[in-house]
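Beneath this line is the structure, given in structure tokens, with notes to follow.
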Amino acid sequence: MAYRKDSAVNWCPDCQTVLANEQVIAGLCERCDNAVTKKKLNQWYFKITDYAERLLDDMKALEGKWPDKVLTMQRNWIGKSVGAEVTFEIEGRAEPITIYTTRPDTLYGATFMVVAVDSELARELAIGGKVESEFKTYFDSVKAASDIDRLATDRPKSGIFLERFATNPVNGERIPIWASDYVLADYGTGAIMAVPAHDQRDLDFAQAMKLPVRTVVETDGEDPATSGIATAGEGKLINSGSLNGLSSEAAIAKINSELAAKKLGKAANNYRLRDWLISRQRYWGTPIPIIHCEKCGEVPVSLDQLPVKLPDATGLDLKPKGTSPLATATDWVNVPCPKCKAPAKRDTDTMDTFVDSSWYFLRYTSTNTHDAPFDKNEVETWLPVDQYVGGVTHAILHLLYSRFFTKALHDMGYVSFTEPFSRLLNQGMVLKDGSAMSKSRGNLVRLSDELENHGVDAIRLSMVFAGPPEDDVDWSDVSPAGSAKFLNRAWRVSGDVTSKPGVDFNTGDLALRKITHKSLHDIGIAVESFRFNVAVARVMELVNAVRKAIDSGCGGADPAVREAGEVIAIALSLVAPFTAEEMWERLGHKPAIALAGWPIFDPKLLVEDAVTAILQINGKIKDRIEVSPTITDAQLQALALANPGVIAGLGGATVKNVIVRAPKLVNIVI
RNA sequence: GCCCUCGUAGCCCAAUGGCAGAGGCAGAGGACUUAAAAUCCUCCAAGUGUCGGUUCGACCCCGACCGAGGGCACCA
């Protein structure tokens, strides 16, 4: 699962450390927004690519439980592609070259081959030939270009002919081999067959280098050789020997089995996902628990020595300088080899902090466990996390790594589940003048002033009420003053209640009780579906209703008023706990409201005495009538057809159809 | 270029395919007050981005377009 390799890695010159692919956003460092360069280094990796297929597959079970957006981003990041590997013989080389393609059906249209200029393969093909110096010049110019330049898709194609030839296995055709930077060294095999007629990149290259274009899939599109637009869609195969006349899909199946039979190729998949580079040249991080011994090689620190703790930072230069600060802590670095006891050295890099966040939720269940990372029983009791809440900024980084860790730990027998977070909510950000409030940019408003002016309950309430939790909210739309006003209004209700705690609510005003229980029902549903803004609105309604009851209805002594007041206090305790607690005590209860529990609504009180039925003709409202909620379709239809407004509206026209949805609606079609 | 999400009163936002408004902000008027604040009451506003389609009926489903936001982008 962990291995070390030499590779050209992402390097942030500003942070002076390496970065994982996931931490490079459009060529820029995720942390500091500076351009990332490449550096050849020997670093540690986790084999997340072994889990690519399962990370992709298991997302099916997260559909509807995680935001689609996050699932899409992870699918894009994993980037599965289905295709085939095909082997080409090379003139003057014993070993053939294997290429990866998603369109094996276009094999007859391959008019040249391209290898990544920065691949070992290109180097080997060029060195010793007459293009060696030309190749080196091109290679150096490519190396000098930044990642950002390289990411531009509208860049003109560049490359050099290596003066070497490959043989197309299906038709024996001799095709030239080119080196270019539009082929990536670390994807697939670093070499492609170029089919200019049906791949835009290949066509651009062919036109730039005056290479032939041969159409092998007949589509509605214009001839790519003259239009300059590759026809990438499916069609009927032509100029393709035994594949002629087949659809693309059938051709792919046929060519794959033919190649497999001749051992010239096979169906294969590829993933955009790369292994996770976890080494960092940092002090703050988890030391890599490996000891390097000249004789024994990489030796893991023994179990009883774990975890490896960082050396005292005193006296160490912790400023980023491109090498690990731990290397200078010689007392810490120099240790005997656990195997042969000869002098050896600790690995001086630390791990990416995303390694820590990939399993912290396991540790959180087991804070009293000191001889293991986590306690299996505790983990099984508490996990997986039922509801996870986090920003969409971690859609790929933290959330993909955590899923990978969980699966790997599952396979090693440490946990029984394969997904860490059953449900995910992406909360939105708070914006001020277009910028997000964040750790790096700060609050952007003086929170102390806001708290001083309005109180923490009002601030929290107004944030919750401003909109759905997954939406961003602009600070100018947050109204702590309005919330403070509402909290006051709610709080005053608790002072207007004159009945004693424990009074029998059943003797209270029925109309108000119905409103209270309907509110309770609706608030519960809103909270459980994370529509907190709606839940708050329902509490506001209830406050309005009880205010009216106190001032001009049943009065503050009615038990129903107490019931409503208590429901308001308990509901508010979710977002305004201080106000709610005061209300609770003013209502004559002992602390704390948190112990009061959630009241159960009475289904009988949800039944309305009468409902308004809408009478429509052709979908247009003609009248409204009050009816019993238990009225039947037939009864309602009869009432509708006898309604004066309806009769007038019909004007004697023939009724074609009557749609009845008792007790709410009748629609008469004429 | 490809993919996803979202467009409802001046603003933030609600509405199992069935009365477009639940709630709030802002605004107007009134009550209380010597006055103001606070409080209470009342009022105010959109026909749901545009154009089609499906349906007895569409903010809701489908298609195209416009606009905003986000993701991916030389991955063969």
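Here the structure is a predicted model, which is why all the values come from computation and not from measurement. So that the names make sense, note that chain A is the first sequence line, chain B the second, and so on, each numbered from 1.
Between A/Ile175 and A/Phe88 there is a side-chain heavy-atom pair separated by less than 4.5 Å. Contact check for A/Val669 versus A/Asn618: side-chain heavy atoms found under the 4.5 Å cut-off. In this structure the side chain of A/Asp186 never reaches within 4.5 angstrom of the side chain of A/Asp118, judged on heavy atoms. Within the 4.5 Å cutoff, no side-chain heavy atoms of A/Asp496 are placed close to those of A/Val546. Residues A/Asn10 and A/Leu277 have side chains not in contact (no heavy-atom distance under 4.5 Å, counting atoms from C-beta outward). Inter-residue side-chain proximity for A/Asn270 and A/Thr102 is flagged as unmet; no heavy-atom pair is nearer than 4.5 Å.
Whole-Å rounding puts the A/Ile99 CD1 to B/A76 P distance at 12 Å. Per the geometry, CG belonging to A/Asn426 stands 15 Å off C1' belonging to B/G69, to the nearest Å. Atom CG of A/Leu461 and atom P of B/G23 are 16 Å apart (whole Å). Remark: P of B/G23 and CG of A/Asp522 are 13 Å apart, rounded to the nearest angstrom. As rounded to whole Å, 14 Å separates atom C1' of B/A76 from atom CG of A/Leu203. For A/Leu71 and B/U5, the CG to P distance is 12 Å, given to the nearest whole Å. B/G1 atom P lies 15 Å from atom CG of A/Asp204, rounded to whole Å. If you take CD1 of A/Ile670 and P of B/G57, they are 13 Å apart, rounded to a whole angstrom.
When the nearest nucleotides of RNA chain B are assigned to A/Asp68 and A/Asn270 by heavy-atom distance, the more 5′-ward of the two goes with A/Asp68. With the nearest nucleotide of RNA chain B identified for both A/Thr101 and A/Val536, A/Val536 has the one nearer the 5' end.
Under the 3.5 Å distance criterion, the side-chain polar atoms of A/Arg403 are matched with a main-chain donor or acceptor of A/Leu55.
By the 6.0 Å and 45° rule, A/Lys157 stacks over the aromatic ring of A/Tyr182.
Partner assigned to B/A15 is none, using Watson-Crick or G-U wobble distances below 3.5 angstrom. In this entry B/U34 has no Watson-Crick or G-U wobble partner, no candidate having both defining distances under 3.5 Å. Shown here, B/C25 forms a base pair with B/G10; the pair counts as Watson-Crick or G-U wobble because both key distances fall under 3.5 Å. Across every strand in view, B/C2 sits in a pair with B/G71 that passes the Watson-Crick or G-U test at under 3.5 angstrom. If you check B/C61 for Watson-Crick or wobble pairing at under 3.5 angstrom, you find it paired to B/G53.
Comparing B/G47 with B/A20, their P atoms sit 14 Å apart, to the nearest whole Å. Look at the P atom in both B/G7 and B/A14: the space between them is 9 Å, to the nearest Å. Rounded to a whole angstrom, the distance from the P atom of B/C25 to that of B/U42 is 14 Å. When the P atom is used for both B/C59 and B/G53, the distance is 15 Å, rounded to whole Å. Taking atom P in both B/A37 and B/G49, the straight-line distance is 39 Å, to the nearest Å. For the C1' atoms, the distance linking B/C32 with B/C41 amounts to 11 Å, nearest Å. The gap from the P atom of B/A64 to that of B/C3 amounts to 10 Å, rounded to the nearest Å. When the C1' atom is used for both B/C11 and B/G1, the distance is 36 Å, rounded to whole Å.
Atom CG of A/Leu431 sits about 12.0 Å away from atom CH2 of A/Trp475, to the nearest 0.5 Å. In this structure, A/Ser483 OG and A/Arg489 CZ are separated by 13.5 Å, a value rounded to the nearest 0.5 Å. Here A/Met193 contributes atom CE and A/Arg103 contributes atom CZ; the two are 9.0 Å apart, rounded to the nearest 0.5 Å. Here A/Tyr108 contributes atom OH and A/Asn168 contributes atom CG; the two are 8.0 Å apart, rounded to the nearest 0.5 Å. Put simply, CE on A/Met540 and CG on A/Leu461 are 6.0 Å apart, with the number rounded to the nearest 0.5 Å.
Within 4.0 Å of A/Arg75, counting heavy atoms only, lies no atom of the nucleic acid at all.
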Report all interatomic pairs (protein N or O, nucleotide N or O of nucleotides 47-49 of chain B) with separations under 3.5 Å.
none

Would you tabulate the nitrogen or oxygen pairs shorter than 3.5 Å linking the protein to nucleotides 70-72 of chain B?
from: B/C72; atom 1: O3'; to: A/Arg272; atom 2: NH1; distance (Å): 3.3

Quick test: give all pairs of protein nitrogen or oxygen and nucleotides 38-44 of chain B nitrogen or oxygen below 3.5 Å, distance rounded to 0.1 Å.
from: B/U39; atom 1: O3'; to: A/Arg492; atom 2: NH2; distance (Å): 2.7
from: B/C40; atom 1: OP1; to: A/Arg489; atom 2: NH1; distance (Å): 2.5
from: B/C40; atom 1: OP1; to: A/Arg492; atom 2: NH2; distance (Å): 2.7

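Taking 3.5 Å as the limit, the base of B/C56 and the side chain of A/Lys656 contain no donor-acceptor pair of atoms between them.
Base orientation of B/G69: anti, the glycosidic angle falling outside 90° of 0.
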B/S/- contact track for nucleotides 9-19 of chain B, protein heavy atom under 4.0 Å = --SSSSS--BB
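Residues satisfying the ring-ring contact (aromatic ring centres under 6.0 Å, His included) test with A/His454, not counting sequence neighbours, are none.
Using a 4.0 Å cut-off, no side-chain N or O of A/Tyr182 falls inside it from OP1 or OP2 of B/A76.
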Let me check something: any side-chain donor-acceptor pairs from residues 75-82 of chain A under 3.5 Å, sequence neighbours excluded? List them with distances.
from: A/Arg75; atom 1: NH2; to: A/Glu63; atom 2: OE2; distance (Å): 2.9
from: A/Trp77; atom 1: NE1; to: A/Glu22; atom 2: OE2; distance (Å): 2.9
from: A/Lys80; atom 1: NZ; to: A/Glu53; atom 2: OE1; distance (Å): 3.1
from: A/Lys80; atom 1: NZ; to: A/Glu53; atom 2: OE2; distance (Å): 3.0
from: A/Ser81; atom 1: OG; to: A/Tyr100; atom 2: OH; distance (Å): 2.5
from: A/Ser81; atom 1: OG; to: A/Tyr187; atom 2: OH; distance (Å): 3.4

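Between A/Phe465 and A/Phe486, the ring center distance fails the sub-6.0 Å criterion.
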